[in-house]
Q: 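Please see the structure below; I have some questions.
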Amino acid sequence: MYLASRLSPALISMADEISPTPKESKKKHRDIGKLVRDLIKRPNLPKSANDSARQSNSTRISASASGAHHGTDAGNAEPTASGGNATLNENHTAPFHLARPSSSVPHLLGSAVGQEEDNRETSLTLTPVAGPVLTNTQAQISDQKATTKESVKVAVRFTQTLLKKLPDCVTTNPVKMAFSVAKVIIEIKDAVGSNKDELVQRLEETANRLLAVERTVVSGVPKAAEEAMENLKKILGEEMKELKDLADKSLTIQILDNEAYGSKIQQIFQRVKGAMTAFFFEMAISIQQTASEIHDDTKRAALERLHPSEKADHKTVLEEKGLKREACTGGTRVKILEDITKWANDRSLASPRVFWLTGQAGSGKTTIAYTIAKLFEKDADSSQQTLLGGNFLCSRQFQETQAQTRILPTIAYQLARKCKSYADALHVADKFDSVKFNVATQLRDLFVGPWQQSEGTRELEPFPYLIVIDALDEIEGEGGSAFLGDLLHTIDRYDLRGLKFFVTSRSDPELVERCKAFTSEAVCRLQDVPIEEARSDVGIYLKDKLKKLHGSPELAELERRADGLFIYAATAVKYLIPHRSVTVREQTKMLKNLLSKSYEPVSGSDATSLIDELYRQIICDAFSPFKGEFLIYRLGILYTFLCTAERTSTPTVAALVADSDNEVAKAVLDDLHAVLYSQDDRIFWYHASFPDFIFDPARSNFRIGEKDFAFSCNEPAHHNLLGESCFRIMKSGLRFNMGNIPSSFLFDCDNAALAEQVNKNISAVLRYSSQHWTHHLPPPQLINIDNLLRLISEFLQIHVLFWIEAMNLLGLRNQCTPMLQCARQWVLKCGDNYSELARDIGVAANFATYFTGSPAAESTPHLYISALATWPQDTSLSRNWKNKFSRIPAFTHTKGSVDLPLMTVSAGVAIASVAFSSDGTRIVSGSYDNSVRVWDASTGAELIELKGHTGTVNSVAISSDGTQIVSGSSDNSVRVWDMSTGVELKELKGHTKSVNSATFSSDGTWIVSGSSDNFVRVWDVPTGVELKELKGHTRPVNSVAFSSDGTRIVSGSYNNSVRVWDALAGVELKELKGHTGSVNSVVFSSDGTRIVSGSYDNSVQVWDASTGVELKGLKGHTRSVNSVVFSSGGTRIVSSSFDKSVRVWDVSTGVELKELKGHTESVESVAFSSDGTRIVSGSSDKSVRVWDVSTGLELKELKGHTGPVISVAFLSDGTWVVSGSYDRSVRVWDALTVAFSSDGTRIVSGSDDNSVRVWDVSTGILSDILIGDECFAWHLADSNWIISSQEQNPLMWVPQEAGLCTPFNILIISQSGFATVYFHQSMIGVDWVHSYTP
């Protein structure tokens, strides 16, 4: 019974591992134990020698002592007399069969073979036995025996094959060897063809995992899992070595021992499997870490959408990327810094959220702010209770550091990088587009919302955060005061616990008013600091910076002169340290010179007087050695440093100053090192007080001793000089094909070499001159500008085209029209003698709009090939341009009923209303899709879409200052929007039906609205409160308007009446009667003396605003008049109608001056530009069009037949075919393209399918159809590009309204007109460079 005691525990152990539950495991233990006892107790039949010799390797089972702890049943079995092997007679009809089909007999090979107490292998050979007919139980046992036999055969065969193939897998790389062995295992398994053997299954599973590792290694192991990979390599090396040794030994081992080797193989792979499990676990962790890192990267990428300002960060000083700033010298500003630090670290609820530091110019506010920012940096002082969350140091020297809308996004970016909970909440809120909005919206979306949302998780981050904002007075305009007001309002309204704001500014009256409510502990006025303390601080500062002069009487005198003013001391230090190598002797001499020539400070002198004395000495030292033209040149360089539109380099400044050079500019910069410095190849001033000093003649023109000095800059005169320089530079630098573009078939975006060529050919000074020449147009009343006017006139002759080309290449084409319009307005101020020049500039501005607002701008050569070729305006200037480009395609057009606008904007939805901004740079439209859109008036690009209305936007208007939009909608609401950001500022509710009209008063403080509820309402813009309700109309109010002085309101109603109201009292003054249909539009003239109205009765009426008398009736429209408006001068009226036309009228005579046609549906709204030169119209045809009022640019629409062709005929010579159609056009077709003969063998016919067909008379065969792209040399593609049919090259762009003929059509006689284009002898493609003839 020893066999049973050895075998049963192993079988039971095997069954336990494959059992899914303890209950099932226990049952199987009993079944296997019973089965083994039955087998052992069965009487053995006599055995012959042959039987013994017939023992098969396939029936040998190695049994180990492992699993003996499962031996409940086995322990009850009787031990056999033999201590070694026992043989059971084999019975083929009663095979050995375990309770589970997938017998785990091979699992015995996985036990501790050869590790039992006698260190001997134990084997069992099952042989068939003879017996009686089997019962069901006996049959089951017989099946089990047969299956076990087969499994043992498979295991042995698998082991033998694997051992034979192992030598072929051996390599010096253990990992590759492991992968090779895995592949061999899979191959053997497939060859053996058994899925039931446990050894095969386990090795196959391990092999598949190894192959998975191989795929992972090939695709790349994450960095975090590299250590796990190394561990796996190490284990694979050890196990593959053992496997190789096993393979070597197997060559000398009898086949009878294959079971033991199979067990050892499985042990090896079990260990490999464990190593791989650990590897994949590490991989899973690394993947999770990688996913987390990707998520963090995504968050960081989202933060970049905030577009933070680097230059505003105090750390930019360390990175040498921005302004030079210094911290307070040790031992100075001690009490102030202590007070601010104490406030910042005070976490009590009673502590104010905002601390305001104020002081006059030069008192050291920025130095203190910089010091505080450094002090509260995270790693600056671990003892701090508060951390720096963000900072923004404002400065007028950069655009990005003086824009109030850049402050909060920058601080939000910095805070999110330090406070994880806030960063997570900011990411979830996803309001990053708030960077485009106003400060109030930014505070709500970027701070209040995310900060409150993160409150629950911020407990893990116990530090409060300090926000530092310096020099709010340097924000452009009144932005600093407005920002502080919004900040204080937000803090009062919301709980921003955990945030504190430290703000500095000059003592601006507006800011002082804002901060009146501050408690004394939250305000520090540097002017109130005791003078003794300020003097002491300055003394410490000077001793620190001028160590070599410590103890000298000169330093003591300088300290006395500074009188506690830090800007004086700081400027003096910069003056005395021109470079690091300066000696003590030199410094002493310089200081003596400075003190000897300076004025004695007057008792009680203010800071301005003190700093002026120092500035005077500095510029005296820099310029007094020079006289005459040398002094003029050097002063010109200084003035240019201060007058340029943007901070520039010394080479650019030198080039702008005639007859100067870069060496002189560098010398001036060196001489003025105390007040100017160079950073990033641009020139800056240390303090804003220096430019103020130079531009004020009372400060910079002075006398020292008996000598007078005049160093002040006459700004108008110097701008005049710079303006002349810009035109001089553009004349010499601008040329045709600035980008060296090889072919007109190339779009700019497809030209890889274009950027390099542009940078090479457009120098920095040419770029500056092109971009900023209008900045230097001086007030014409203050200076002689005749030469500048002459240069502008010369510029217009041809160089203006090269300028538009350069601006397009520089990506600045949207600036062309505004700059030319600005120049036109400037010329008009120069006097009536320059009206012709103003007109020519207007032509250039219109052409710039025509090009930049068209698809032609996508390929710069098409400024000439397309825009100039199709430009229809026939003026002397336009003819001069075209004479220089005689080899561009020939474009002709006939007069018809369609006018060519300067620009057509495809809005994609019907337009209900339009408005021009006062500066002419923006167009606003209201649409039937419930949206308000803002468009660039130069390029037609959509700038922003304002969403909020839930009904058609019937009316839009822009405030006179261009900052706000008001809209009225069929959703019954009036909404006010921020023009620049698109943020909805207010929703005015009160109307109970559709709001049909809304507009601002001239000062922007009131809004008037008219509604289908029959009421006119007046609203207060700042508060959104309804001020008045005007009752009187008995039908819907369609239109409302203010008089220019804001005292009267006019309204037009569906009841055919026009009413005038007192805006202040809310009473009706007059009712104007005369229209016989609904009054759709009303407006005052700019002087308030007249009213114009447009009606459903097809008429436009002009009224005397004071008497109510009808002055004129303007007749011409054939359908309802939808919109009317006066020009700014009150001399013209423009009207739009359901008849699809826009008409311009002379107010004094009532004569129709021009009819503008081109819209294909009702024109719903029109508006004049503020200068009266342009009209914008919006239509149900889904387009917005811009028209030139003076010329009415006419270009006609031509399309193919759109109705049945009813008549055709040959010309006598057979070269042309004429076709007539119900579409009201007669077309002439080129018959030569289909080889017509004149002998009567061909017939032409017309059909209801809109085609003309040519037939062979003798055969009746259709020979050609005069329609279809297959016959065209070119075709029209999207955006009205002419595309060559074969090469698909963009030949030319033409306006959609032109109605371009196809190549078949050589002449069309049509009611709507037509256009043709000829490429014969034109220079396009690679030849386009020859299209210009100088």
Side-chain angles (χ1 to χ4, degrees), residues 317 324-341 357-372 374-375 504 506 524-578 580 582-618 621 673-675 686-687 689-690:
V317 176
K324 291 185 177 180
R325 303 184 179 102
E326 291 181 306
C328 294
T329 301
T332 66
R333 304 295 197 184
V334 175
K335 186 176 186 309
I336 296 172
L337 294 175
E338 284 179 352
D339 290 344
I340 299 170
T341 302
L357 176 70
T358 181
Q360 57 194 345
S363 56
K365 299 180 297 297
T366 295
T367 303
I368 294 173
Y370 175 66
T371 304
I372 290 295
K374 285 189 65 179
L375 184 64
T504 79
R506 292 187 191 179
C524 178
R525 295 177 175 86
L526 292 177
Q527 59 267 34
D528 296 339
V529 173
I531 188 64
E532 295 79 10
E533 183 180 328
R535 288 170 178 167
S536 174
D537 286 345
V538 167
I540 294 172
Y541 170 80
L542 289 174
K543 291 180 179 67
D544 179 76
K545 297 298 181 181
L546 300 173
K547 294 183 176 67
K548 298 177 181 179
L549 300 179
H550 183 57
S552 69
E554 290 82 8
L555 185 61
E557 177 62 16
L558 178 62
E559 182 180 335
R560 188 180 71 83
R561 294 277 183 98
D563 198 34
L565 184 63
F566 263 92
I567 185 62
Y568 184 99
T571 306
V573 167
K574 294 181 180 71
Y575 174 79
L576 295 171
I577 309 178
R580 293 182 179 180
V582 64
T583 65
V584 177
R585 182 178 179 183
E586 289 171 327
Q587 277 190 341
T588 303
K589 185 176 180 181
M590 290 170 64
L591 182 52
K592 285 181 178 180
N593 184 55
L594 175 66
L595 296 173
S596 65
K597 294 182 179 179
S598 297
Y599 284 135
E600 277 285 321
V602 180
S603 177
S605 296
D606 61 16
T608 300
S609 299
L610 288 172
I611 193 63
D612 282 0
E613 288 304 318
L614 188 55
Y615 285 156
R616 289 169 185 171
Q617 185 58 50
I618 289 170
D621 287 352
H673 65 273
V675 288
Y686 282 105
H687 200 271
S689 59
F690 180 67

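Being a predicted model, the structure only gives us computed values, none of them experimental.
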Q: Is the shortest side-chain heavy-atom distance between Ile577 and Leu546 below 4.5 Å?
A: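 Contact flag for Ile577/Leu546 side chains = yes.
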Q: Counting C-beta onward and ignoring hydrogens, is there a side-chain heavy-atom pair between Tyr370 and Lys365 closer than 4.5 Å?
A: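 No. Closest side-chain heavy atoms not under 4.5 Å.
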Q: Look at the side chain of Lys548 and the backbone N and O of Val582, then say whether any donor-acceptor pair between them is shorter than 3.5 Å.
A: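 Between the backbone of Val582 and the side chain of Lys548 there is a qualifying donor-acceptor contact (under 3.5 Å).
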Q: Would you check if the side chain of Thr332 reaches a backbone N or O of Cys328 as a donor-acceptor pair within less than 3.5 Å?
A: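 Between the backbone of Cys328 and the side chain of Thr332 there is no qualifying donor-acceptor contact (under 3.5 Å).
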Q: Between Asp544 and Lys547, does at least one N-O distance fall below 4.0 Å, as a salt bridge requires?
A: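 Salt bridge present between Asp544 and Lys547.
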Q: Using a strict 4.0 Å threshold on nitrogen-to-oxygen distance, state whether Glu586 and Lys589 make a salt bridge.
A: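 Looking at Lys589 together with Glu586, the answer is no, because their closest N to O distance does not fall below 4.0 Å.
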Q: Will you find, in the side chains of Tyr615 and Ser689, an N or O donor that is under 3.5 Å from an N or O acceptor?
A: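 Looking only at side-chain atoms, Ser689 and Tyr615 do form a donor-acceptor pair, the distance falling under 3.5 Å.
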Q: Taking the side chain as C-beta and beyond, is there a heavy-atom pair between Arg333 and Phe566 under 4.5 Å?
A: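 In short, these two side chains touch, coming nearer than 4.5 Å.
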Q: To the nearest 0.5 Å, how far apart are CG in Leu591 and CG in Leu558?
A: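 Output value for this atom pair is 5.5 Å.
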Q: Could you tell me if the side chain of Ile336 sits less than 4.5 Å from the side chain of Val529, heavy atoms only?
A: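 SC-SC contact between Val529 and Ile336 confirmed.
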Q: Determine, step by step, whether Arg561 and Glu613 satisfy the salt bridge (charged side-chain N to carboxylate O under 4.0 Å, His left out) criterion, reporting the C-alpha distance in whole Å, the side-chain angles of both residues, the deciding distance to 0.1 Å, and the verdict.
A: CA-CA 10 Å; Arg561 294 277 183 98; Glu613 288 304 318; over 6 Å; no
Q: Does Leu337 reach the side chain of Ile372, with side-chain heavy atoms less than 4.5 Å apart?
A: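 In contact.
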Q: Are Gln587 and Thr583 packed together at the side-chain level, in the sense that at least one heavy-atom pair is separated by less than 4.5 angstrom?
A: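 They are not in side-chain contact.
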Q: Atom CG in Leu549, atom CG in Leu542: separation rounded to 0.5 Å?
A: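 Output value for this atom pair is 10.0 Å.
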Q: Does a salt bridge link Glu338 with Lys335, judged by any charged N lying under 4.0 Å from a carboxylate O?
A: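 No, Glu338 and Lys335 are not salt-bridged.
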Q: Does any non-hydrogen side-chain atom of Ile611 lie less than 4.5 Å from one of Phe690?
A: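 Not in contact.
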Q: Drop me the distance from Lys543's NZ to His550's NE2, to the nearest 0.5 angstrom.
A: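 NE2 of His550 is found 6.5 Å from NZ of Lys543.
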Q: Given 3.5 Å as the limit, does a donor-acceptor pair link the side chain of His673 with the main chain of Lys574, or not?
A: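 Yes, because the side chain of His673 sits within donor-acceptor range (under 3.5 Å) of the backbone of Lys574.
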Q: Using 0.5 Å steps for rounding, measure from the CD1 atom of Ile340 to the CG atom of Leu375.
A: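 Reported value, rounded in 0.5 Å steps: 10.0 Å.
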Q: Which heavy atom in Ala327 sits nearest to a heavy atom in Thr367, and how many Å separate them?
A: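 Shortest heavy-atom contact: C-CG2, 3.6 Å.
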